[in-house]
Amino acid sequence: MTIHDYACIGSRVTILPRVTIGYGAVVASGAVVTKDVAPYAVVGGVPAKFIRERSHDLRYKLGYAKKFQ
């Protein structure tokens, strides 16, 4: 099993051996992943099926906003 960067895996997901989760892919909660997931794909269900394409603009920032100035 290989999970690439920026992938989001929901709770109670089952991923079978030798399956690759692509860069920035999202696997919905409770899904059973039996095949490779393409980059930026959103999948869900039993077995997991393609739902839609995710935005390719992944710019995450770590940090926090100041509450008081």
Side-chain angles (χ1 to χ4, degrees):
M1 172 175 47
T2 304
I3 300 175
H4 290 278
D5 292 336
Y6 296 107
C8 181
I9 310 296
S11 62
R12 300 184 64 116
V13 169
T14 302
I15 303 173
L16 297 183
R18 295 182 296 280
V19 171
T20 300
I21 307 297
Y23 183 89
V26 176
V27 180
S29 296
V32 177
V33 183
T34 58
K35 297 179 182 176
D36 291 348
V37 177
Y40 302 105
V42 178
V43 297
V46 179
K49 294 185 180 185
F50 179 80
I51 296 173
R52 68 179 183 92
E53 181 90 8
R54 183 177 180 195
S55 170
H56 291 227
D57 184 29
L58 301 177
R59 287 185 275 160
Y60 296 113
K61 292 184 182 179
L62 297 177
Y64 62 93
K66 293 182 180 179
K67 294 185 180 185
F68 302 101
Q69 293 191 17

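Basis for what follows: all heavy atoms, side chains included, without hydrogens, waters or symmetry-related copies.
Hydrophobic cluster of Val42: the remaining members, joined at side-chain heavy-atom separations below 4.5 Å, are Val26, Ile51, listed by chain and number. Applying the 4.5 Å side-chain rule to ILVMFWY residues, one finds Met1, Ile3, Ile9, Val13, Ile15, Leu16, Ile21, Val27, Val33, Val37, Val43 in the same cluster as Val19.
In this structure, His56 and Tyr40 have parallel ring planes: the angle between them is below the 30° cut-off, well short of the 60° mark.
In this structure, Phe50 has no ring-ring contact (aromatic ring centres under 6.0 Å, His included) partners at least two apart in sequence or on a different chain. Applying the side chain to side chain contact (heavy atoms under 4.5 Å, CB included) rule to Val32 yields the partners Thr14, Thr34, Val46; only residues at least two apart in sequence or on another chain are considered. Remark: Asp5 engages no residue in a side-chain hydrogen bond (donor to acceptor under 3.5 Å, both in side chains) (not counting sequence neighbours).
The two residues Ala28 and Gly44 make their nearest non-hydrogen contact at CB-CA, 3.9 Å. Residues Gly22 and Ala7 approach most closely at O-CB, 3.9 Å, considering heavy atoms. Minimum interatomic distance between Ser29 and Gly10 (heavy atoms only, all atoms of both residues): OG-CA, 3.8 Å.
Listed by first and then second residue, the salt bridge (Lys or Arg N to Asp or Glu O under 4.0 Å) pairs that reach into residues 47-57 are Asp57-Arg59, sequence neighbours excluded.
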